[in-house]
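What follows is one structure encoded as structure tokens, with my remarks underneath.
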Amino acid sequence: MLLEKMLQSQGFGSRKHCQQLIKNGAVTIHGEVISNPKFKLDLNELTYSVYGQTWQYREKVYIALNKPQGYECSHQSTHHFSVFDLFDDVLLNRGLQCVGRLDQDTTGLLILTDDGQFLQALTHPKKHVPKVYQMQTVDPINTEQMAQLESGVELRNEKGIFAATDVKALAESKLQMTVHQGVYHQVKRMLAAVGNKVESLHRAQIGQLRLSQLAEGEWIYLTEAQILAAKNTPETLVDI
Ligand code: URA
């Protein structure tokens with residue numbers, strides 16, 4: 001691939017802008033300035049730098065963020081920060097999108113990508129990728145509420161029954177459960193439907209990909225194995 005085309009594909013701006021960057025001597029490969037925009041590249045495991053910042057060539061990007069509170073999953077956020085504020089413009093130029101949404105006050109695992117097919121695979125209602133949530137509740141959880149969540153509740157303006165699996169009390173007012181759909185405010189509405197209320201909510205796992213070491217506000221690029229885990233493909237949990 002031509003150097004100018006590669007830079008454009010990675011989010012460095014228009015073809016013309018990329019040509020200018022290269023001609024200005026801003027781009028180095030293996031420490032050598034390449035000033036010819038038509039320089040032919042082998043993309044395999046390619047790393048390069050632009051104005052001293054090193055990048056790896058990625059055909060698509062898959063990112064896991066431990067979302068902090070107070071961040072919205074929309075580009076035009078109004079009352080809060082946007083999760084997109086946490087990423088470099090170069091990544092945003094690639095068309096990074098959230099794979100499903102978390103409320104501004106929900107913390108935890110959020111995946112972002114510029115791969116439309118992957119986004120579809122994870123969010124399509126028929127795929128039922130399980131998601132594990134942990135929550136603090138306003139009132140203590142009782143066994144009747146847990147049983148109701150497992151047998152399923154109706155949600156206003158939504159078709160069907162919404163049931164959780166692996167419903168576990170972690171403390172008197174702390175609950176973990178797995179949900180298999182992704183309708184608006186699903187967990188909060190399910191808890192309201194059984195007569196309780198979510199005080200704080202955290203997503204701990206998507207598919208077999210589980211949040212473990214990644215600190216709040218931090219993000220990583222996902223490896224192939226981690227991407228498969230998010231799609232719920234392997235049997236075993238993969239911690240990040
Ligand atoms: N369910 C909710 O109610 N909120 C979220 O952020 C995610 C799931």
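Order of listing sets the numbers, starting from 1, for every ligand and every atom in it. Scope of the values below: all heavy atoms of this structure, side chains included, with no hydrogens, waters or symmetry mates.
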How about F87 and W219: do any of their side-chain heavy atoms sit closer than 4.5 Å?
yes
In terms of side-chain geometry, is the basic nitrogen of D114 or R94 positioned less than 4.0 Å from the acidic oxygen of its partner?
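The answer is yes: the pair qualifies as a salt bridge.
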Ring pair (Phe, Tyr, Trp, His ring centres under 6.0 Å) pairs, two or more places apart, involving residues 88-112:
none
Is there any salt bridge (charged side-chain N to carboxylate O under 4.0 Å, His left out) pair reaching into residues 187-203, and which pairs are they, with sequence neighbours excluded?
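Only D103-K188, D105-K188, E158-R189 qualify under salt bridge (charged side-chain N to carboxylate O under 4.0 Å, His left out).
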Could you note down all residue pairs passing salt bridge (charged side-chain N to carboxylate O under 4.0 Å, His left out) where residues 15-31 supplies at least one of them, sequence neighbours left out?
E4-R15
Proximal protein residues to ligand 1, non-hydrogen atoms under 4.0 angstrom:
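Correct list: L102, D103, T106, Y133, H185, Q186, V187, K188, L201.
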A quick test of your reading: do over 12 heavy atoms of other residues, nucleotides or ligands sit less than 6.0 Å from OH of Y221?
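Result for OH/Y221: enclosed.
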